[in-house]
Amino acid sequence: MKCRLTTEAVLAPGSVRAFQLPARSLIRCINPSGNQVIDVWAFVASDISEFMSMAHSRLHMGRISPIIGSTLVTNRRRAILSIVADTSGGVHDTMLAACDRERYQLLGCNLRHSNCADNVVNAMKGLGHDLAFVPDPLNLFENVPVAIDGTLEIRPPVAQPGSYIEFRADVNQFLVVSVCPQDLAPTNGAGKAPSPIKLQVMPFFS
Ligand SMILES: [Zn+2]
């Protein structure tokens, strides 16, 4: 693979970054604290009405969370992201919607709270695209075990500090990464403040 590191960034809690990436690019998401959840979206660059879909990906993978070798697919069942490395232990979530204004209001926050849903809308707007709605994200490092009776629970992440997950882009795409600012649920650790993450993006050059 002909990739070279062109972007390395530390993203603060609550911040967002968007990238336009050619197919075969690599993206590494590093979790310095081990406690931080990262929401990820991918949209096909030529037509953003085709996007990474968690519902379609769960059936394609035959699992509710991805592992090394898993391919996530679009709402038109085409490969869009594949996992090529994961040192985190493989606990990620595909079940939950992104946090949004209403989620924080329901948790008792009456002030405006930064949130991942606004982040992806604003990031895509910055690239010149208005989202018709916010697709469910891939929630990296989020620990939402589903019990045999069907109940689910948000628990603190179990990733080790400094662990990472690495993807390959399977089509030309817009990739959006939001550092979840959730501080009213144990999403980013019980009693812990959200923390920065590190991103390495290696675009493919033919
Ligand atoms: Zn969030």
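Values reported hereafter were calculated over all heavy atoms of this structure, with side chains retained and with hydrogens, waters and symmetry mates removed.
- Atoms OG and CG, from Ser178 and Asp118 in turn, are 9.5 Å apart once rounded to the nearest 0.5 Å.
- Of the possible donor and acceptor atoms, none in the side chain of Asn31 sits under 3.5 Å from a partner among the backbone N and O of Ala159.
- When the shell of 6.0 Å around CD of Gln160 is examined, it contains 12 or fewer heavy atoms from other residues, nucleotides or ligands.
- Arg103 is linked by a side-chain hydrogen bond (donor to acceptor under 3.5 Å, both in side chains) to nothing, counting only residues two or more places apart in sequence or in another chain.
- Between the side chain of Thr87 and the backbone N or O of Tyr164 there is at least one donor-acceptor pair closer than 3.5 Å.
- Side-chain atoms of Arg76 and Ser49 include a donor-acceptor pair closer than 3.5 Å.
- In this structure, the separation between CZ on Arg58 and CG on Leu72 is 10.5 Å, given to the nearest 0.5 Å.
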Self-check item: From CA spacing to verdict: side-chain contact (heavy atoms from CB on, under 4.5 Å), Phe51, Leu131
Solution: CA-CA 11 Å; Phe51 54 85; Leu131 286 187; over 6 Å; no
Quiz item: What's the verdict on side-chain contact (heavy atoms from CB on, under 4.5 Å) for Val16 and Asn122, showing C-alpha distance, side-chain angles and the deciding distance?
Solution: CA-CA 9 Å; Val16 65; Asn122 293 334; 5.7 Å; no
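- Between Trp41 atom CH2 and Met54 atom CE the span is 10.5 Å, to the nearest 0.5 Å.
- Across Pro157 and Pro186, no two heavy atoms sit closer than the pair CD-O, 4.0 Å.
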Practice problem: Report the C-alpha distance between Leu175 and Leu81 in whole Å, list the side-chain angles of each, state the deciding distance to 0.1 Å, and finish with yes or no for side-chain contact (heavy atoms from CB on, under 4.5 Å). | Solution: CA-CA 10 Å; Leu175 185 89; Leu81 281 180; 4.0 Å; yes
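- Checking side-chain atoms of Asn188 against main-chain N and O of Cys180 turns up a donor-acceptor pair under 3.5 Å.
- Between the side chain of Tyr104 and the backbone N or O of Gln182, at least one donor-acceptor pair lies under 3.5 Å.
- The closest donor-acceptor contact from the side chain of Gln36 to the backbone of Ser195 lies under 3.5 Å.
- Among residues two or more places apart in sequence or in another chain, the salt bridge (charged side-chain N to carboxylate O under 4.0 Å, His left out) test is passed with Asp149 by none.
- A side-chain donor-acceptor contact under 3.5 Å links Ser25 to the backbone of Phe204.
- Atom-to-atom distance recorded for Asn119:CG and Asp39:CG is 8.5 Å, nearest 0.5 angstrom.
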Quiz item: Run the side-chain contact (heavy atoms from CB on, under 4.5 Å) check on Arg77 and His60 step by step: do they pass?
Solution: CA-CA 8 Å; Arg77 304 188 193 273; His60 181 80; over 6 Å; no
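- Annotation: ring pair (Phe, Tyr, Trp, His ring centres under 6.0 Å) contacts of Phe174 (sequence neighbours excluded): His129.
- Rounding to the nearest 0.5 Å places NZ of Lys198 at 10.0 Å from CZ of Arg28.
- Judged purely by atom type and a 3.5 angstrom limit, Ser65 has no side-chain atom pairing as donor or acceptor with the backbone of Val91.
- Atoms CG and NE2, on Asn143 and His92 in that order, are 10.5 Å from each other to the nearest 0.5 Å.
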